[in-house]
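The next block holds one structure in the form of structure tokens; read it before the comments.
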Amino acid sequence: LAAQQKDGGFPEATTGGTSSPLATGQTLYTLRQLGMNDSDAPVSAAAMYLIEAQKPNGGWSDTGAEKAEAMWAVLGLVSTDILSVNVAGLKNGQHIDGLAVLRATATDNEGGGVRKIEIALDDELVGGACSDEGAHTFDANKLTAGMHTIDVTAFSKSGNTATRRLIVYAGDHYISNVGTKYVDGGTLLSLRDIAPTTMKHTVELQILDKGKRLHSIKQAGQQGALAFHWTGQTGDGTAKRGEYTARLRIIDATGKTRQTHDMPFVHDTPDVQARDYAQVTGRIQFADGDKDVQNATVELIDEAGNVVQSTQSTGSGSYRFRNVTAKKKYKVRVKKNGRADREAELAPAEAAAEQAIDFEL
């Protein structure tokens, strides 16, 4: 968004430059996939740029990339919503405190009119109105700590529907999108810091080996992407390659730990990880419809009943566990608000293999 030019277009590099129909089409398509619609200024400005940049022959370029530019320009333009849903008061990815008022408006771009708007929290209907406008007040103090989904769905008089989905966080939950990968001779741990800008805090990474702390790194917390790089250094030498736990802590200005997040990882090359460990994947859906289940908690449980890995299902209902120790039996447990927990046995995982378990809730 910061790279958008005054003419509404986007350049081919985020560092700036002349607007490009190819880059603008790609960005416009992506912004729509991320939940923006025609009522959002960046989307409407980019669409107007593409319309004005079209040449008399119907294309967008005189260079050798004319087919690619035309394809992305068209994809960016034809992804216009039948129903546009605009949300104000809350932003996707926001951490909410206290009372937060969401206001929604919808427009039927076919001209037939909007019949009603529904607002759902974690798949449960909480508000709406029989008009093209609706509002609901969320009390963060009544929400469990963690991630929540808010769906705003508009229904047209002609039978069409459109949904705008927001992910919000509540309580002492200030970390999201934690991941690791082995790069440049060490393990890179990345995360998104979602703490409010008014909250002064520190983010600490501890490296644990079977519960024993080997090393710790701290940096000042700030909203946005953060990363740590561990080369294997410890307090008394260098750790061997193998299995460890990354413990992230959010520490406020008073020294109080506000959140702790543990993530197992393998400190070794991608080739070794792929050769010596298994992966477990799957997809979750509601049995009473074709709606994918997002934000379900999925746990990998060993024979002793310990939760060895935990993750959240994606927008398509998918989940994945990486670097699962081979030759062991596990269970996969799925937990979702308003639905009974489901479990499934997992046969001993084979190294270098991927096993899939799907669920219906």
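Heavy-atom basis, side chains included; hydrogens, waters and symmetry copies ignored.
- Counting only distance, with no hydrogens or angles, the side chain of Asp302 and the backbone of Gly305 share a donor-acceptor pair below 3.5 Å.
- No side-chain donor-acceptor contact under 3.5 Å links Gln54 to the backbone of Ile51.
- For the 3.5 Å distance criterion, the side chains of Arg283 and Ser318 fail to qualify, holding no donor opposite an acceptor.
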Start with the C-alpha gap between Asp151 and Thr163, add the side-chain angles, then the distance that decides, and say whether side chain to side chain donor-acceptor pair (under 3.5 Å) holds.
CA-CA 6 Å; Asp151 289 319; Thr163 299; over 6 Å; no
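- The distance from atom OG1 of Thr187 to atom CG of Asp268, rounded to the nearest 0.5 Å, is 8.5 Å.
- Counted within 6.0 Å of CZ on Arg103, heavy atoms from surrounding residues, nucleotides or ligands total 12 or fewer; the atom is thus considered open.
- Linking ILVMFWY side-chain heavy atoms closer than 4.5 Å, directly or via other members, places Leu121 and Met147 in two distinct hydrophobic clusters.
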CA sep, side-chain torsions, deciding dist, call: Phe138, His136, side chain to side chain contact (heavy atoms under 4.5 Å, CB included):
CA-CA 6 Å; Phe138 294 91; His136 184 75; 3.6 Å; yes
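- Ionic pairing of Lys55 and Glu69 is not present here: no N-O contact between side-chain nitrogen and carboxylate oxygen is shorter than 4.0 angstrom.
- Electrostatic pairing of Arg258 and Asp252 counts as a salt bridge here, judged by a charged N lying under 4.0 Å from a carboxylate O.
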For Glu204 and Phe228, run side chain to side chain contact (heavy atoms under 4.5 Å, CB included): C-alpha distance rounded to whole Å, both residues' side-chain angles, the deciding distance at 0.1 Å, then the answer.
CA-CA 9 Å; Glu204 180 189 44; Phe228 296 87; over 6 Å; no
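- Ile301 and Leu346 are not part of a single hydrophobic cluster, where members link through side-chain heavy atoms under 4.5 Å apart.
- Checking side-chain atoms of Ser44 against main-chain N and O of Ala41 turns up a donor-acceptor pair under 3.5 Å.
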Would you check, one step at a time, whether the test salt bridge (Lys or Arg N to Asp or Glu O under 4.0 Å) holds for Arg32 with Asp40?
CA-CA 10 Å; Arg32 293 183 188 280; Asp40 293 301; over 6 Å; no
Which is it for Arg322 and Glu354 under the salt bridge (Lys or Arg N to Asp or Glu O under 4.0 Å) test, yes or no, and what are the steps along the way?
CA-CA 9 Å; Arg322 297 171 52 234; Glu354 182 177 292; over 6 Å; no
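- Residues satisfying the ring-ring contact (aromatic ring centres under 6.0 Å, His included) test with Phe10, not counting sequence neighbours, are none.
- A donor-acceptor pair under 3.5 Å is absent between the side-chain atoms of Gln309 and the main chain of Arg320, judged by distance alone.
- Of all the heavy atoms in Val298 and Phe321, the pair that sits closest is O-CZ, 3.4 Å.
- The hydrophobic clustering, which links ILVMFWY residues whose side-chain heavy atoms are closer than 4.5 Å, places Tyr244 and Ile217 together.
- In terms of modelled atom types and a separation under 3.5 Å, the side chain of Gln5 and the main chain of Gly9 share no donor-acceptor contact.
- One hydrophobic cluster, built from ILVMFWY side chains closer than 4.5 Å, cannot hold both Ile119 and Val101; they sit in different ones.
- Sorted by first and then second residue, the side chain to side chain donor-acceptor pair (under 3.5 Å) pairs with a member in residues 224-234 read Thr234-Asp236; sequence neighbours excluded.
- By the 4.5 Å heavy-atom criterion applied to side chains, Asn160 and Glu110 are counted as neighbours.
- Checked by atom type and distance alone, the side chain of Thr27 pairs as donor or acceptor with a backbone atom of Ala23 at under 3.5 Å.
- Using modelled atom types and a 3.5 Å distance limit, the side chains of Gln259 and Asp172 yield no donor-acceptor pair.
- In this structure, the separation between NZ on Lys329 and CD on Glu345 is 8.0 Å, given to the nearest 0.5 Å.
- Judged purely by atom type and a 3.5 angstrom limit, Glu118 has no side-chain atom pairing as donor or acceptor with the backbone of Ala154.
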Set out, in order, the CA-CA distance, both residues' side-chain angles and the distance that settles side chain to side chain contact (heavy atoms under 4.5 Å, CB included) for Leu83 and Thr107, then state yes or no.
CA-CA 6 Å; Leu83 276 168; Thr107 303; over 6 Å; no
Quick one, Arg342 with Glu360, criterion salt bridge (Lys or Arg N to Asp or Glu O under 4.0 Å). Give me CA distance, side-chain angles, the key distance, then yes/no.
CA-CA 9 Å; Arg342 291 289 305 279; Glu360 285 189 343; over 6 Å; no
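- Taking OG1 of Thr144 as the start and NE2 of His173 as the end, the distance is 10.5 Å to the nearest 0.5 Å.
- When all heavy atoms of Gln206 and Arg213 are compared, the pair lying nearest together is NE2-NH1, 3.3 Å.
- Within the model, atoms CD1 of Ile250 and CD1 of Ile194 stand 9.0 Å from one another, a figure rounded to the nearest 0.5 Å.
- Summarising the geometry of Leu188 relative to Ala227, their closest heavy-atom pair is CD1-CB, 4.0 Å, with the distance given to 0.1 Å.
- Here the straight-line distance linking atom CD1 of Ile150 with atom CG of Asp123 works out to 12.0 Å at 0.5 Å rounding.
- Tyr182 and Met263 fall into different hydrophobic clusters, defined by Ile, Leu, Val, Met, Phe, Trp and Tyr side-chain heavy atoms under 4.5 Å apart, directly or through other members.
- At a threshold of 4.0 Å, the pair Glu343-Lys331 counts as salt-bridged, since one of the basic side-chain nitrogens sits closer than that to a carboxylate oxygen.
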One pair to check against side chain to side chain donor-acceptor pair (under 3.5 Å): His148 and Asp122. What are the steps and the verdict?
CA-CA 6 Å; His148 299 271; Asp122 296 330; 2.7 Å; yes
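- At least one side-chain heavy atom of Ile167 sits less than 4.5 Å from a side-chain heavy atom of Thr149.
- Here the side chain of Arg275 pairs no donor or acceptor atom with the backbone of Ala351 at under 3.5 angstrom.
- For the residue pair Asp7/Ser19, the side-chain donor-acceptor check at 3.5 Å is satisfied.
- Salt bridge annotation for Lys210-Glu243: absent, with no cationic side-chain nitrogen under 4.0 angstrom from a carboxylate oxygen.
- No more than 12 heavy atoms of other residues, nucleotides or ligands lie within 6.0 Å of CZ in Arg192, so this atom counts as exposed by the packing criterion.
- Side-chain contact between Pro196 and Asp97 is present, with at least one heavy-atom pair separated by less than 4.5 Å.
- A 4.5 Å side-chain heavy-atom check between Thr297 and Ser310 finds at least one atom pair inside the cut-off.
- Summarising the hydrophobic clusters (Ile, Leu, Val, Met, Phe, Trp, Tyr; side-chain heavy atoms under 4.5 Å, direct or chained), the residues clustered with Leu99 are none.
- When all heavy atoms of Ala45 and Gln4 are compared, the closest pair comes out as CB-NE2, 3.9 Å.
- Taking the six-membered ring where the residue is Trp, Phe265 and His267 present perpendicular rings, their angle passing 60° and hence far from 30°.
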Intermediate values then yes/no, side chain to side chain donor-acceptor pair (under 3.5 Å), Asp193 and Gln223:
CA-CA 5 Å; Asp193 185 338; Gln223 197 173 81; over 6 Å; no
Check against salt bridge (Lys or Arg N to Asp or Glu O under 4.0 Å), Arg115 and Asp132
CA-CA 7 Å; Arg115 181 168 57 89; Asp132 58 2; over 6 Å; no
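- When every heavy atom of Val324 is checked against every heavy atom of Tyr330, the shortest pair comes out as CG1-CE1, 3.5 Å.
- Within the 3.5 Å criterion, the main-chain N or O of Leu22 finds a donor-acceptor partner in the side chain of Ser20.
- Looking only at distances, no side-chain donor or acceptor of Lys335 sits under 3.5 Å from a matching main-chain atom of Glu299.
- Closest of all the heavy-atom pairs between Asn109 and Ser84 is ND2-OG, 3.0 Å.
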